[in-house]
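One structure below.
Convention: sequence-line order gives letters A, B, ...; per-chain numbering from 1. These values consider heavy atoms only, across backbone and side chains, with no hydrogens, waters or symmetry-generated copies.
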Amino acid sequence: MTYSGASSRTLSGEISEEAAGREYTLKGWVMHFRDHGGLIFIDLRDYSGIIQVVFDENEKNESFKSAKKLKNEYVISVTGVVRRRPAGTENSNLKTGNLEILAASVSILNTCETLPFQIDEETDVNELTRLKYRYLDLRSKRLRENIIFRSDFAHAVRDFLGKKGFYDIETPFLTKSTPEGSRDFLVPSRLNQGHFYALPQSPQLFKQILMVSGFERYYQIVRCFRDEDLRADRQPEFTQLDMEMSFVEMKDVIRLSEELFESIFKKVLGAELATPFRVLDYDEAMNTYGSDKPDTRFNLLIANLSDIFKDSSMNLFRDTLSKGGVIKSICLPGGYDIVSRKDIDELLAVVKDFGGKGLAWTKVSRDGSLEGGISKFINAGEKNSLLTKTGGKPGDIIFFQADSNKTSNNVLGRLRLYLAKKYNLIPGEKLDMLWVVNFPLFEYSEEEKRIVSVHHPFTAPAMNDLKYLETEPLSVKSESYDLVLNGEEIGGGSLRIHDASLQERIFKILSISPEDAKVKFGFLLDALSFGAPPHGGIAFGIDRILMLLRNEHSIRDVIAFPKTQKAYCPLSEAPSGVTEAQLKELGIRLIKKD
RNA sequence: GGGGCUGUAGUUCAGACGGUUAGAACGCCGGCCUGUCACGCCGGAGGUCGCGGGUUCGAUCCCCGUCGGCCCCGCCA
């Protein structure tokens, strides 16, 4: 359904075959002005679509003369009779391609400067220019459809969650800085000089407090802010679908999320989504894909070869194993021919960039023997086991990492993605959605020299692991889950700690003193002590999901007004300096740079 | 903080050992054209070669710096 905006106007999308012979007034933009001398065609675009308008010199009216003055992207009002196009001149690319409007009168509602770039041009215009004139780029078919898709997506979310009894509740944007996690955007307070609000990295604490308040089912499509460096899939402000539920277990959150996506896919894509999604254990994801957000659209799986090379003639392998490291590999099918010496040099550079020390390799030749690289250090027995474990066949190449388990997984995981891209192994049309579960609760931060949360400090530990929370914290698993689509993390959540004493134990392990905890999260801890129900939730990255569903390469293309990699908005020119008076009012003085 | 690619007409790009007047396509302006739909044909205008400095008789080209854009690493509980 469309809305014409006024009774005096008809939309192009409302013009159908039955309208032929009747007179209408349409308003919109001039696209593709085509002057044939005695006959002028334009495509008139409004928000519902496009229809062709004809101006004919032989028609006894003023419209033809006026039409000579039209240019691309002028805003006009046209009145005329709808008619079927002459046989043979239909345009099957347009919905209204069988029809046209014979103009009786036309008036120019507004003119348009010469465009800085052509709308819908097939060549890629520099993104800075497109962002500066974002309103023009948003007129293009591609961006326009992305933004409308986003709106439809949000409707589908609200529709589903509303029916499931969720309340849409807003949480503050001006809130408290929390030192854990990513860097905060700070907002100075005029009324409390020297004090700052922070824009929320997510509504995490507030949504938990809403559970304490007894709302039981909360959701919000909400902006989140993180002052970190940007990427194609990261903007300083981005949108989450944030949810929280009381009295749920992990399987409830997972099932509800699957139903949510089923419902959305049906509504916005008209597609059936197969549920339940595949569930991958964190350890399995790390050991076979080398990533906690595995792209499972292609194989190139990691194999553990430590057993095979126990008595290797290679010092590197033996030394690594004796130090508690591992020997792991991936096998690239067909790599014998397609990977050259030069390619291997390139891959070595890539591996080093990812933290690997080197890149051992061997090719499997046509006759099944090993060739090149480290082949001369591999004996017949090792060779047979190697080919069995890696699935290596004649014509393949096998890459090795001898390092700690963590580094080997990470390096091979990244190499896996690099090879898949380089050699086009990723099927384009596929959508692979899966859960990763059983994340560790903690990890050791070399940088901070302490144990930190993998997820966040309110994540519940797995019940079975509670007994060695203090003795072996790094082997404790958590009640958390990530949703992964085509190798992108598109959502994550956990069951939360709803017991103040357990929360205190966690803080202790994280080396957060009771005093610190009180200063940082006191309001949440207080709330938990007043009858907090068991609860848990999840948050989805809307921008990333839309990017993947629209087959875009950057979330900028699904956001109406995105920022550049330097977090600059070329349209509004934000951020900008402010006046001395504004600073004074806030009690802020700027430091001069050297 | 680091690595890679990049900046020439409004747009997308080409260009030259360092040497007269820096090209093409699209767009724009003017003209012609009655069935086009990325209309066609003819003509024309349009450039601080990102910015600053250096080398040079001479720099868009070489060198140094700087600013911007994109991709990536670090970072993003």
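For A:Phe173, the ring-ring contact (aromatic ring centres under 6.0 Å, His included) test picks out A:Phe225, with sequence neighbours left out. By the salt bridge (Lys or Arg N to Asp or Glu O under 4.0 Å) test, A:Glu100 pairs with A:Arg83, sequence neighbours left out. Qualifying side-chain hydrogen bond (donor to acceptor under 3.5 Å, both in side chains) partners for A:Thr171, counting only residues two or more places apart in sequence or in other chains: A:Gln220. Residues passing the ring-ring contact (aromatic ring centres under 6.0 Å, His included) test with A:Phe399, sequence neighbours excluded: none. A:Tyr197 meets the ring-ring contact (aromatic ring centres under 6.0 Å, His included) test with no other residue; sequence neighbours excluded.
Within residues 508-527 of chain A, no residue is approached by RNA chain B to less than 4.0 Å at the level of any non-hydrogen atom. Listed by residue number, A:Arg226, A:Glu228, A:Asp229, A:Arg231, A:Ala232 are the residues of residues 222-232 of chain A with a heavy-atom contact under 4.0 Å to RNA chain B. Against RNA chain B, the stretch residues 437-445 of chain A makes no heavy-atom approach under 4.0 Å. Sorted by residue number, the list of members of residues 474-496 of chain A with any non-hydrogen atom under 4.0 Å from RNA chain B is empty. Shown for residues 81-96 of chain A: residues whose heavy atoms fall under 4.0 angstrom of RNA chain B, namely A:Arg83, A:Arg85, A:Pro86, A:Thr89, A:Glu90, A:Asn91.
Taking a centre distance below 5.5 Å and an interplanar angle below 30 degrees as the stacking criterion, A:His36 stacks against the six-membered base ring of B:C39.
Among residue pairs with one or both ends in residues 511-524 of chain A, those qualifying as side chain to side chain donor-acceptor pair (under 3.5 Å) are A:Ser513-A:Glu515; sequence neighbours excluded.
Between A:Arg556 and B:C71, a side-chain N or O to OP1/OP2 separation shorter than 4.0 Å is present. Put simply, A:Lys566 has a side-chain N or O that comes within less than 4.0 Å of OP1 or OP2 on B:G68.
Nucleic acid contact for A:Val125: sugar-phosphate only, since backbone atoms but no base atoms lie under 4.0 Å from a heavy atom of the residue.
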Report, one pair per line, the protein and nucleotides 6-10 of chain B atoms (nitrogen or oxygen only) whose separation is under 3.5 Å.
| unit_1 | atom_1 | unit_2 | atom_2 | d |
| --- | --- | --- | --- | --- |
| B:G10 | O2' | A:Pro116 | O | 2.5 |

